[in-house]
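Report on one structure; see the data block that follows.
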Amino acid sequence: MCNEQYEESKLYQIRHSAAHIMAQAVMEMFEPGEAKIAIGPPIRDGFYYDFDLPRNLTPDDLKAIEKRMRQIIAKKEPFVKTVVSAEEAKEQFADQPYKLELIEGLEAGGVDEYGDEIQGETEISFYTDGEFVDLCRGPHVENTGEINPAAFKLQSIAGAYWRGDEKNKQLQRIYGTAWETKEDLKAHLKFLEEAKRRDHRKLGKDLDIFTFDEEVGPGLPLWTARGTAVIEAIENLAYETERNHGYRNVRTPHLTKEDLFLRSGHLPYYADSMYPPMEMDGSNYYIKPMNCPFHHKIYNSKQHSYRDLPVRLGEYGTCYRYEKSGELFGLMRVRSMQMNDAHIYCTPDQFEQEFIDVINIYLEYFKIFGIEKYVMRLSTHSDKGLGKKYVDNKEMWVKTEQMVRDAMDNAGVPYVERADEAAFYGPKIDVQVWSAIGREFTLATNQVDFAVPERFEMKYTDEHGEEQIPLCLHRAPLSTHERLVGFLLEHYAGKFPVWLSPEHVRVIPITDAHIEYAKKLADELYAAGFHAEADLGNARMNAKIRAAQKMKVPYMLVVGDQEMADGTVSVRNRDGEQMNGVAFAEFKAMLAEKVASRDAEL
RNA sequence: GCCGACGUAGCUCAGUUGGCAGAGCACCCGCCUUGUAAGCGGGAUGUCAUGGGUUCAACUCCCAUCGUCGGCUCCA
C-alpha cells in the first residue's frame, strides 16, 4: 500500500486512534500533570506514542496499559474534533511543554505536529475522546469502540529523542501494532516469527557462514570456510564484470599517516568514527576507514593525458570504521568490512557515460541476484549544510546534481530525490533494496566527487595541452561483502543458487561399505574446484539427507552398491528431485556448467 | 553513545520461595548394513558471560563490566 492510500485508510485511523487511547491509559497511571505526552503517529503495521514520565516503564506496565486500553475501548467514547485558536490551544496544554512547542510550530506555520512541512492554511485542532484531549489533525475512527480489543498488542518500550535529535531529552516510546481483525493481528505476529527464521544472523549461524567472538570484538565478523566460499564467488563475479567494463585492479595498505586523511578532508569530518591513531616514528597512523585517498594517490603517481581517461581503479578493500556500539547490527552494520570499491577519474564530457555505466553494472547484478524491488535515490545537498556537512561550493553542488539528473533522465532510469542526504563531497545515487523479510538497506552507491580531485591536485592534460582537474566517481555496486552476504542470506532465505552456494554438493554413502567411494568422489570434486563434502558420520543415509537438506545443499550424491559397480551417482537436489544412474563424469560436467552460468535454477 | 530487555552445554531452551546443573538435537562409542528428510542402545559435555558483594549456602539477590537483542541517534 502506498503512503497516500494508507493515510486515507480505515487501518490508519484505527492505529492513530489506538495511539490516543494508549496515551490516555498511560496518563491515567500517573498523578495529574506528571505525565508529559509528545507525539503518537500511526506507522507501518502499528503506532507509537512518546512520553516523558516520572519513572521508567517496564514490560509489566505494558500489560496493565493494554488492559486499561480495552476498558476505554469498551466505553465507546466518541472522538470529537474541535478547531481552536492558538491561544485556546496553549491554555489547554499549559502543563504540556511538548505540546506547547508543537503549537508554536503550528502557529509559526509551515510545520505540522510531527515536524513535517505542510502546505496551505494551518488549522489547530483537538481530538477529544472521553477525558482525553490531544492536539491532533486527525482523522480518527468515530468512537473508541471501533478499535477491535482483540486485534492490537503493545510490543516494546524504547528510548527516542524528542524530535529525533540526540541533543534533546530522551523520551520513552511505546510501540504497538493494531489491525482490523484478530486474524490480521495473528497473521502479522506469525510474519514476525517467520522473519526471525529468515534473519541473516540466524541463517548465518545455521548455515555456518560467519561468526562473532567476544574476544575478537564487536562488529568484527569471522568468515568461516563456507562463508568464504560465498564471498569468493561474489568476488569472481565482480572481477569478471569490472574487467568487462574496463576496470583495473589495485591494492593498497590498511594503514596510513594522518596526513593523507587530512588532505582528503575526511579526518575533521569523521574522526569520531575512525579507530584512534597509532603513533609511530613521530607520525600518527590511522587504520583506513575508506580506500579513496589511496586510489587518488595511485592516480597521481603518474601523468595523465585526456587520452588515458577514464581511469577506473578497483579494489575489494578492507576498511575499519568505529561504528557506535548501538549501531552494530549483525552483518549489516559492522566495524570491519570489505568494500566492492572503485574510483573512476574522467573528464566532464565523459561523466554521463561513466555514471550510467555504473548504473548498468547495478542492473546486471540485480538481474543475476533476482533483485526486483529496488529504488534509486538521488541524494542532494542542503543549503543549510554548506560548509558544515557539505563542501562549501554551492555552484558545484547545483551543477553536479543537475549532471546526475540529466544522466539518469537520458538513460531512462527512474529515481527519487532526497535533499540533505548527500556525501560531503558530492551528490550520489543510493540504491535501496528490501530483503525478503521487508528490511530496507542501502546496498549500492554511486557518488560524484567534485571536491577531492582539487584537494589532491589531480590533473590531466587536455587536447590543448592545458592542465585540467578530472571528476571523480566513487562506486560500490556490491556494497561490502558483509552487507551483501547478509542481504543475500535473507533474500534467498539461505537457499543460495548453486554458483553462490557455500557447499555445492555433498556425497552420502548408503552403508559403511560405500564410505571409501564417497570420500573418493568428494575429494575428486573438491580437487576440481567445487565445494564438495562427504558425510562419513555414523548415521543412516536418511538422516544424512535430512542434515544436507537443512543446510540447503543444492546437490546430494547418494552412493551405494549400484553406483560403485557402474561408476555412477544418484543425484538428489534440495527440491527433492532425484536422478539415478548418472555417470559421475556427467554430473561433474553438469555442475561445472551450472556454477559457471550463475543460473538461478537447480 | 542513549533508553529498555536479555546472557545456562556446539545449537534450541527448561531450571520452583536462594539448598547436589537439566532436556532435545548435535558430538563420541557400539549394534544394525540400511536406497532418498530423523534406526536402536550407551557415553562424554558447563568458569551458569566476566569481576566484585550479600549469605551458612548464589545460576537464582545486589553492584560494576563485557556482549547480544528491540528501538533512538548515526551510517564518508
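Chain A is the first sequence line, chain B the second, and so forth, proteins listed ahead of strands; every chain is numbered from 1.
- The phosphate of B:A37 has OP1 or OP2 within less than 4.0 Å of a side-chain N or O from A:Arg572.
- Within 6.0 Å of atom CD in A:Glu601, 12 or fewer heavy atoms from other residues, nucleotides or ligands are found, so the atom counts as exposed in its surroundings.
- For the P atoms, the distance linking B:C61 with B:A5 amounts to 14 Å, nearest Å.
- Contact annotation for A:Gly426: no contact, since no heavy-atom pair falls under 4.0 Å across all strands.
- Within 3.5 Å, a donor on the side chain of A:Gln170 pairs with an acceptor on the base of B:C2, or the reverse.
- Contact annotation: side chain of A:Glu563 to base of B:G35, donor-acceptor pair present below 3.5 Å.
- Rounded to an integer number of Å, the gap from NZ of A:Lys495 to C1' of B:A37 is 13 Å.
- Under the 4.5 Å side-chain criterion, counting only non-hydrogen atoms from C-beta, A:Met69 is in contact with A:Phe152.
- Phosphate proximity of B:G70 to A:Arg201: present, with a side-chain N or O under 4.0 Å from OP1 or OP2.
- When rounded to the nearest whole Å, the span between CZ of A:Arg439 and C1' of B:G70 equals 11 Å.
- With salt bridges taken as basic N to acidic carboxylate O contacts below 4.0 Å, one links A:Asp575 and A:Lys495.
- The side-chain heavy atoms of A:Leu378 and A:Arg418, taken from C-beta on, include no pair separated by under 4.5 Å.
- For the pair A:Ala543 and A:Gly576, both in contact range of RNA chain B, the more 5′-proximal nearest nucleotide belongs to A:Gly576.
- Between the base of B:C75 and the side chain of A:Arg321 there is no donor-acceptor pair shorter than 3.5 Å.
- With both ends at atom P, the span from B:C40 to B:G22 equals 25 Å, rounded to whole Å.
- In the interface, the side chain of A:Tyr161 is paired with the base of B:G1 through a donor and an acceptor atom under 3.5 Å apart.
- Residue A:Ser325 places at least one side-chain N or O under 4.0 Å from the OP1 or OP2 atom of B:G1.
- Counting any heavy atom pair closer than 4.0 Å across all strands shown, A:Tyr175 reaches sugar-phosphate atoms only and no base atom.
- For A:Arg173 and B:C72, a side-chain-to-base donor-acceptor distance below 3.5 Å is absent, hydrogens and geometry of angles not being considered.
- For A:Glu516 and A:Lys519, the salt-bridge test fails: no basic side-chain N is under 4.0 Å from an acidic carboxylate O.
- Note: CD1 (A:Ile515) to C1' (B:U34) measures 12 Å, nearest angstrom.
- Taking atom C1' on both nucleotides, B:G15 is separated from B:G52 by 25 Å, rounded to a whole Å.
- Within the 4.0 angstrom heavy-atom criterion, base atoms lie near A:Gln578.
- Base engagement by A:Ala158 is indicated by at least one non-hydrogen atom pair under 4.0 Å involving a base atom.
- A sub-4.0 Å separation between OP1 or OP2 of B:U73 and a side-chain N or O of A:Lys167 is absent.
- Look at A:Tyr390 and you won't find any side-chain N or O under 4.0 angstrom from OP1 or OP2 of B:A76.
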